[in-house]
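Lettering of chains follows the sequences in order, A, B, ..., and the numbering in each one begins at 1.
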Number of protein chains: 2
Amino acid sequence: MTIIKRLPGLPIERALGVISGRWKAVIIHVLLRGPKRTCELEQQIPSLTQKVLIQQLRALEEHGLVYRKVSADDTRCVDYGLTPLGLSLEPLIVQLQKWGEHHAEALGDTERLLPCEAVVRPVPKTAKK
Amino acid sequence: MTIIKRLPGLPIERALGVISGRWKAVIIHVLLRGPKRTCELEQQIPSLTQKVLIQQLRALEEHGLVYRKVSADDTRCVDYGLTPLGLSLEPLIVQLQKWGEHHAEALGDTERLLPCEAVVRPVPKTAKK
DNA sequence: CCGCATCCAGTGCGATACTG
DNA sequence: CAGTATCGCACTGGATGCGG
């Protein structure tokens with residue numbers, strides 16, 4: 001495993017490398033609203049396995065966007081939140097979102113657009129062609 | 001094949017889906033400096049196979065970011081360029097780049113940073129751990 | 001509740017060779 | 001020059017089950 005961070009030298013690719021991953025953007029988006037504990041994240045993004053969630057969080061952590069903190073009182077609880085570096089992503093996230101909408105409009109593909117709050121994704125899964 | 005564009009409903013993911021791909025960002029970055037023909041692209045991004053190049057271009061075309069035009073005089077030449085939609089990506093690209101640099105600095109990882117003109121990538125390949 | 005270990009399918013992309 | 005066809009590998013991420 002160990003999502004080693006051999007990030008590309010080109011800044012653009014580096015940035016993309018950090019935030020691309022099936023769920024990273026979504027997770028960041030959720031965390032922008034404040035720290036969450038694992039189970040909360042799981043609930044807010046139903047169609048996401050625990051394993052993958054942790055996996056993505058680890059990657060984000062490794063890249064310095066997310067911190068992980070074990071709850072002081074209950075050792076079994078863990079909080080995840082954005083580091084300053086993670087927070088600095090906000091404008092980018094916003095712009096990505098805007099452009100995504102723009103793109104959908106330009107292609108007359110707006111019906112499929114989901115409100116960005118609808119983190120709930122009904123599992124597209126084997127939805128191809 | 002046929003890179004069907006089952007793009008996600010969430011705008012952020014949609015945007016990411018469109019520009020993520022091993023070489024897409026780089027290609028767009030190059031095309032921002034004006035239309036190019038296939039062989040030019042090949043030269044400017046040495047560590048990129050022709051097959052993959054075409055592949056990525058097709059995807060971009062399918063998503064409306066790139067147009068493809070057969071040269072009027074010489075049928076064997078083809079031009080690729082950004083559509084208005086593709087051009088509308090510029091600010092995003094710029095911001096991605098900036099953030100990438102910011103990220104590298106924050107992690108004290110600047111030595112590996114390449115100038116964004118250095119589209120030439122010496123093939124990191126199996127460069128892990 | 002949190003996280004890890006396995007297993008496994010899909011696929012992105014690189015190498016190479018061939019066609020018009 | 002532009003594009004296609006094949007093959008192969010490595011990686012991502014989904015399902016499931018175990019352990020602290």
Side-chain angles (χ1 to χ4, degrees), chain A residues 1-6 8 13 16-27 36-43 45-62 66 68-80 121-129, chain B residues 1-6 8 13 16-27 35-62 66 68-80 121-129:
Chain A
M1 245 304 116
T2 51
I3 315 95
I4 309 97
K5 62 177 157 191
R6 271 287 121 188
E13 298 203 82
L16 282 175
V18 169
I19 56 177
S20 65
R22 186 66 186 79
W23 297 100
K24 294 201 193 124
V26 179
I27 293 176
K36 298 268 181 298
R37 46 193 49 180
T38 319
C39 58
E40 288 180 296
L41 286 171
E42 273 186 89
Q43 287 159 18
I45 319 179
S47 40
L48 168 54
T49 318
Q50 197 186 46
K51 180 207 143 187
V52 178
L53 171 62
I54 308 270
Q55 210 170 268
Q56 306 273 306
L57 283 169
R58 287 286 176 281
L60 291 171
E61 196 185 350
E62 187 173 355
V66 159
R68 179 179 178 279
K69 196 184 57 170
V70 179
S71 171
D73 33 284
D74 190 343
T75 326
R76 293 180 317 175
C77 287
V78 180
D79 276 308
Y80 286 98
R121 290 238 279 135
V123 170
K125 216 163 191 177
T126 326
K128 290 202 89 175
K129 186 65 176 188
Chain B
M1 249 293 118
T2 53
I3 316 95
I4 308 99
K5 62 176 160 194
R6 272 286 121 189
E13 299 204 80
L16 282 174
V18 168
I19 56 177
S20 65
R22 185 67 188 77
W23 297 100
K24 294 201 193 125
V26 179
I27 294 175
K36 297 268 180 298
R37 47 193 49 180
T38 319
C39 58
E40 288 182 294
L41 286 172
E42 272 185 88
Q43 287 159 18
Q44 302 213 15
I45 319 179
S47 40
L48 168 55
T49 317
Q50 197 186 45
K51 180 206 142 189
V52 178
L53 171 62
I54 308 272
Q55 210 169 269
Q56 306 273 308
L57 283 170
R58 288 283 177 282
L60 291 171
E61 196 185 350
E62 186 172 355
V66 160
R68 178 180 178 281
K69 195 185 57 172
V70 179
S71 170
D73 34 284
D74 190 343
T75 326
R76 293 181 318 175
C77 286
V78 180
D79 276 308
Y80 286 98
R121 288 239 280 136
V123 169
K125 215 162 191 177
T126 325
K128 288 205 86 175
K129 188 68 173 185

Within a strict 4.5 Å, meaning less than it, do heavy atoms of the B/Val78 and B/Arg37 side chains meet? no
Could you check if a side-chain atom of B/Ile27 sits within less than 4.5 angstrom of a side-chain atom of B/Val66, using non-hydrogen atoms only? no
How many whole angstroms separate atom [atom1] of [X] from atom [atom2] of [N]?
{"X": "B/Asp74", "N": "D/dA2", "atom1": "CG", "atom2": "C1'", "result": "11 Å"}
{"X": "B/Leu48", "N": "C/dA15", "atom1": "CG", "atom2": "P", "result": "10 Å"}
{"X": "B/Trp23", "N": "C/dA15", "atom1": "CH2", "atom2": "C1'", "result": "14 Å"}
{"X": "A/Asp73", "N": "C/dC1", "atom1": "CG", "atom2": "C1'", "result": "13 Å"}
{"X": "B/Glu61", "N": "D/dA2", "atom1": "CD", "atom2": "C1'", "result": "13 Å"}
{"X": "B/Ile45", "N": "C/dG14", "atom1": "CD1", "atom2": "P", "result": "11 Å"}
{"X": "A/Tyr80", "N": "C/dC1", "atom1": "OH", "atom2": "P", "result": "14 Å"}
{"X": "A/Leu57", "N": "C/dC2", "atom1": "CG", "atom2": "C1'", "result": "11 Å"}

Nearest to the B/Gln55 side chain among D/dA2, C/dC13, C/dC2, which nucleotide is it? C/dC13
Tell me whether the side-chain N/O atoms of [X] come closer than 4.0 Å to OP1 or OP2 in [N].
{"X": "A/Arg68", "N": "C/dG3", "answer": "yes"}
{"X": "A/Thr38", "N": "C/dC2", "answer": "yes"}
{"X": "B/Arg22", "N": "C/dG14", "answer": "yes"}

Would you please name every residue forming a side chain to side chain contact (heavy atoms under 4.5 Å, CB included) with [X], sequence neighbours left out?
{"X": "A/Val52", "result": "A/Trp23, A/Leu48, A/Thr49, A/Gln56"}
{"X": "A/Ser20", "result": "B/Ser20"}
{"X": "B/Asp74", "result": "B/Ser71, B/Arg76, B/Cys77"}

Under 4.0 Å protein heavy-atom contact, by nucleotide of nucleotides 4-9 of chain C - B base, S sugar-phosphate only: SBB---
What residues, two or more places apart in sequence or in another chain, satisfy side chain to side chain donor-acceptor pair (under 3.5 Å) together with A/Glu42? A/Gln50
One would report the end-axis bend of the helix from C/dC1-D/dG20 to C/dG20-D/dC1, five pairs per end and rounded to 10 degrees, as 30°
Across the strands shown, which category fits A/Val78 at heavy-atom distances under 4.0 angstrom: base, sugar-phosphate, nothing? sugar-phosphate
Checking all strands, does B/Thr49 fall into the base, sugar-phosphate, or nothing category for heavy-atom contacts under 4.0 angstrom? base
Could you tell me which non-hydrogen atom of [X] sits nearest to which non-hydrogen atom of [Y], and how far apart they are?
{"X": "B/Leu16", "Y": "A/Leu16", "answer": "CD2-CD2, 4.2 Å"}
{"X": "A/Lys24", "Y": "A/Ile19", "answer": "CB-O, 3.5 Å"}
{"X": "A/Lys36", "Y": "A/Glu40", "answer": "CA-OE1, 3.4 Å"}

Could you say whether A/Arg76 or A/Gly21 is positioned toward the 5' end of DNA chain D, judged by the nucleotide with the nearest heavy atom to each? A/Gly21
Could you go step by step and tell me if A/Glu61 and A/Arg58 meet the side chain to side chain contact (heavy atoms under 4.5 Å, CB included) rule? CA-CA 5 Å; A/Glu61 196 185 350; A/Arg58 287 286 176 281; 3.8 Å; yes
